Amino acid sequence: MAVQENGKPGDVVAVSMAAFRLFTDILNAMARGDAGTIIPLHAELTTQQAADLLNVSRRYLVKLLERDEPSYHMVGTHRRIKFHDLMAYSRVADEKRRQALDALAEEGEELGMG
């Protein structure tokens, strides 16, 4: 990949095709005005940050945490959720939702509603 600054030739950088595609996907998203965040897998999130990522209220997330879904740990009096654990919880929750919707759709078809 050749890098240019102000239209002038610059450095040539070798990158993998996967990295190049990721880079172009990010640039395309930015061009569309889409927001994005890069979070390390080992990052520890506050309850508000985790709730924002799940698109739920902080109060709802705290209720989930009280049921140990997802797992968390305390730092003093504050809960912290590992990003990796939050994403694992999100994948499981999404799969449960898909299964429930599939079951509803199947039931609707059996009842002649679909």
Side-chain angles (χ1 to χ4, degrees):
M1 180 164 59
V3 180
Q4 293 184 355
E5 186 174 347
N6 298 323
K8 297 178 184 175
D11 297 334
V12 174
V13 180
V15 297
S16 70
M17 185 53 74
F20 179 75
R21 286 187 181 124
L22 176 63
F23 181 65
T24 57
D25 288 347
I26 291 168
L27 290 177
N28 285 327
M30 290 171 62
R32 289 189 309 269
D34 296 340
T37 303
I38 297 175
I39 302 173
L41 287 176
H42 63 275
E44 292 186 353
L45 308 172
T46 65
T47 53
Q48 187 61 61
Q49 291 169 326
D52 290 344
L53 283 172
L54 292 179
N55 200 28
V56 299
S57 70
R58 183 182 166 283
R59 178 180 288 190
Y60 178 76
L61 177 71
V62 168
K63 288 180 183 180
L64 289 176
L65 294 176
E66 288 170 353
R67 297 190 323 231
D68 208 26
E69 298 178 32
S71 61
Y72 69 96
H73 65 278
M74 299 295 288
V75 176
T77 59
H78 302 280
R79 295 175 184 91
R80 293 292 182 261
I81 304 103
K82 291 183 181 175
F83 178 73
H84 179 268
D85 292 339
L86 185 69
M87 292 300 97
Y89 165 78
S90 181
R91 282 189 296 275
V92 170
D94 287 346
E95 183 58 31
K96 287 179 183 178
R97 273 191 294 277
R98 272 194 283 293
Q99 289 174 357
L101 287 172
D102 289 346
L104 282 173
E106 187 176 311
E107 188 175 317
E109 286 179 15
E110 288 173 4
L111 294 172
M113 300 173 73

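Keep in mind the model is a prediction, meaning the values are calculated, not measured. Note that the numbering runs from 1 along the sequence shown for the chain.
No more than 12 heavy atoms of other residues, nucleotides or ligands shown are found within 6.0 angstrom of CD on Glu5. Heavy-atom contacts from other residues, nucleotides or ligands closer than 6.0 Å to CD of Glu107 number 12 or fewer.
When the side chains of ILVMFWY residues are joined at heavy-atom separations under 4.5 Å, either directly or via intervening members, Ile39 and Ile26 end up in two distinct hydrophobic clusters. Residues Val92 and Leu65 do not share a hydrophobic cluster, clusters being chains of Ile/Leu/Val/Met/Phe/Trp/Tyr side chains in contact below 4.5 Å. Cluster annotation: Met17 and Met1 are assigned to the same hydrophobic cluster (Ile/Leu/Val/Met/Phe/Trp/Tyr, side-chain heavy-atom contacts under 4.5 Å, transitive).
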**Message:** Checking Gln99 against Glu95 for the side chain to side chain contact (heavy atoms under 4.5 Å, CB included) test, could you report, in this order, the C-alpha distance in whole Å, the side-chain angles of both residues, the deciding distance, and whether it holds?
**Reply:** CA-CA 6 Å; Gln99 289 174 357; Glu95 183 58 31; 3.2 Å; yes
* **Derivation of the side chain to side chain contact (heavy atoms under 4.5 Å, CB included) call for Glu106 and Glu109** => CA-CA 5 Å; Glu106 187 176 311; Glu109 286 179 15; 5.7 Å; no
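We find that Arg97 and Asp94 are joined by a salt bridge, their nearest charged nitrogen and carboxylate oxygen being less than 4.0 Å apart.
In this structure the side chain of Arg80 never reaches within 4.5 angstrom of the side chain of Met74, judged on heavy atoms. Considering only heavy atoms from C-beta on, Leu41 stays 4.5 Å or farther from Met87 through its side chain.
In this structure a side-chain-to-backbone donor-acceptor pair under 3.5 Å is present from Thr24 to Phe20.
The two residues Pro70 and Tyr89 make their nearest non-hydrogen contact at CB-CB, 3.5 Å. Between Thr47 and Leu61, the closest heavy-atom pair is O-CD2, 3.1 Å.
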